[in-house]
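Notes for the one structure printed next.
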Protein chains: 2
Amino acid sequence: MPAQQRKEKAREERSRLIVDAARELAEAEGWDAVTTRKLAEKVEYSQPVLYSHFKNMDAIASAVALQGFEELTVALTEGVRRAKLRGLADAYLAFAREHPALYQAMFVRRSELTFAVGEIPASLRAAFAVFLAAVDPYADGATETLAELFWSSLHGLATLQAGKRLRPDHHENRVELLVNLVAVPTDRT
Amino acid sequence: MPAQQRKEKAREERSRLIVDAARELAEAEGWDAVTTRKLAEKVEYSQPVLYSHFKNMDAIASAVALQGFEELTVALTEGVRRAKLRGLADAYLAFAREHPALYQAMFVRRSELTFAVGEIPASLRAAFAVFLAAVDPYADGATETLAELFWSSLHGLATLQAGKRLRPDHHENRVELLVNLVAVPTDRT
DNA sequence: ACCCTGACCCTAGCATCGCTAGACAATCTA
DNA sequence: TAGATTGTCTAGCGATGCTAGGGTCAGGGT
């Protein structure tokens with residue numbers, strides 16, 4: 001029955017519309033400004049329609065985050081291709097800098113998405129795989145541990161920088177130092 | 001005029017009462033649960049009293065954060081005394097783990113407190129000084145940069161761990177690896 | 001062709017939030 | 001003692017997330 005399919009297609013379209021609107025609003029004015037009323041007005045539907053697509057506001061933010069994971073994977077892959085570890089670091093930090101609200105939805109705002117325990121979003125697993133591959137040559141066996149540590153360091157740099165808690169200049173120095181620490185092979189017994 | 005002084009003393013006492021109540025509530029139920037009404041009820045005054053002490057809710061959270069900075073400095077100093085870099089790392093991560101709401105107020109929740117630009121809270125400067133001293137022997141001149149990086153890495157580990165985004169076991173491995181990367185002298189030209 | 005049924009969406013409203021205005025009481029000054 | 005000042009509370013405003021209930025319109029069966 002094509003009528004049924006057409007309906008579902010339209011619903012899916014509207015879901016994307018809502019998610020896109022939320023993301024735009026968040027990037028433009030921050031997550032505090034993303035309210036159900038503003039969102040409803042932006043997609044030109046009434047508030048309750050949002051709840052026929054998503055359980056609540058947090059679920060909308062999580063949908064935005066999932067979009068982010070996919071884009072992050074692409075950006076990281078491209079970064080590694082350009083310049084290995086340093087390219088990965090630059091790509092990660094650029095992503096966080098250029099999409100601050102998106103980054104918050106992915107990694108800062110509390111959310112029901114947990115990574116290391118329970119099921120992991122496939123798109124995020126892919127992003128982490130880029131880390132694993134890039135770090136493996138220097139890991140001396142402990143690939144996952146080094147990948148987690150490298151990721152954590154970048155996350156720390158990204159969030160503290162965003163919060164104006166690091167000297168704005170010296171960014172380059174910090175990144176270079178980090179990459180050197182990870183890349184320069186030392187005795188890791 | 002001692003009457004005047006007595007008044008001021010009482011006001012100061014009540015300020016501390018409010019801050020302590022906010023901190024307790026946040027640690028017990030998270031910052032979302034810290035509302036002006038619950039806070040007012042807990043200190044047994046009406047809501048407007050809060051605003052005669054603090055500009056708004058964020059200012060109360062900032063006051064809690066300032067308490068945290070002082071305690072963090074003490075904890076870090078003790079950690080360094082015990083085991084240098086590793087002690088510092090352990091103390092920092094333990095602090096974040098044991099006082100998650102306090103840590104959020106200090107470093108995660110957006111706040112008007114900025115560190116690296118403009119004026120810095122003295123208590124936080126003291127905490128960073130511990131980082132500087134602990135890291136200096138390995139910095140090869142770039143002490144501040146290495147301190148910022150070490151701090152960022154710990155911050156990343158702390159927040160991602162708190163968000164269940166790292167494998168709960170392997171914590172020890174990550175910390176040891178980080179400390180080794182920073183401490184083992186390599187060629188840093 | 002007609003009616004009925006069900007899916008869809010909107011208006012209206014609830015409880016709660018941060019914050020403030022204005023009235024009331026208690027205390028100090030002269 | 002009378003007036004002024006200081007302090008506190010009650011009540012309320014606008015905005016929040018979310019939901020209940022009713023109305024409208026299209027699709028399907030006879």
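As a basis for the values below, the full set of heavy atoms in this structure was taken, side chains included, without hydrogen atoms, waters or symmetry mates. Values in this document were obtained by computation on a predicted structure and should not be read as measured data. Quick note on labels: first sequence line is chain A, next is B, and so on, each numbered from 1.
Between the side chains of A/Asn173 and B/Glu148, not a single donor N or O lies within less than 3.5 Å of an accepting N or O. Using a 3.5 Å distance cut-off with no hydrogens or angles, the side chains of A/Thr36 and A/Gln47 do pair a donor with an acceptor. Counted by atom type alone, B/His171 and B/Gln161 present one or more donor-acceptor pairs between their side chains at under 3.5 Å.
The nearest whole Å value for the distance from the CZ atom in A/Phe54 to the P atom in D/dC18 is 13 Å. Between the C1' atom of D/dT8 and the CG atom of B/Leu50 lies a distance of 12 Å, rounded to the nearest Å. D/dA15 atom P lies 18 Å from atom CG of A/Leu39, rounded to whole Å. Spacing between atom CE of A/Met57 and atom C1' of D/dG17 amounts to 9 Å, rounded to whole angstrom units. The separation between B/Asp32 atom CG and C/dT16 atom P is 16 Å, rounded to whole Å. Here C/dC17 presents its P atom at 11 Å from CD of B/Glu41, a figure rounded to the nearest Å. Whole-Å rounding puts the B/Tyr51 OH to C/dA21 C1' distance at 14 Å.
Between B/Thr35 and C/dC17, a side-chain N or O to OP1/OP2 separation shorter than 4.0 Å is present. Put simply, A/Thr36 has no side-chain N or O that comes within less than 4.0 Å of OP1 or OP2 on D/dC18.
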Atom pairs under 3.5 Å: protein N/O with N/O of nucleotides 7-14 of chain C:
from: C/dC9; atom 1: OP1; to: A/Arg14; atom 2: NH1; distance (Å): 2.8
from: C/dC9; atom 1: OP2; to: A/Arg14; atom 2: NH2; distance (Å): 3.1
from: C/dC10; atom 1: OP2; to: A/Ser46; atom 2: N; distance (Å): 3.1
from: C/dC10; atom 1: OP2; to: A/Ser46; atom 2: OG; distance (Å): 2.5

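At a threshold of 4.0 Å, the pair A/Asp90-A/Arg82 does not count as salt-bridged, since none of the basic side-chain nitrogens sits closer than that to a carboxylate oxygen. Under a 4.0 Å N-O distance rule, the pair B/Arg167/B/Glu172 does not qualify as a salt bridge.
Listed by residue number, the members of residues 21-29 of chain A with any heavy atom below 4.0 angstrom from DNA chain C form an empty set.
Applying the side-chain hydrogen bond (donor to acceptor under 3.5 Å, both in side chains) criterion to A/Thr73, with sequence neighbours excluded, gives no partner residue.
Residues A/Phe69 and A/Phe107 bring their aromatic ring centres within 6.0 Å.
In this structure, CD1 in A/Ile18 is found 4.5 Å from NE2 in A/His53, a value given to the nearest 0.5 Å.
A/Leu76 places none of its side-chain heavy atoms less than 4.5 Å from the side chain of A/Phe95.
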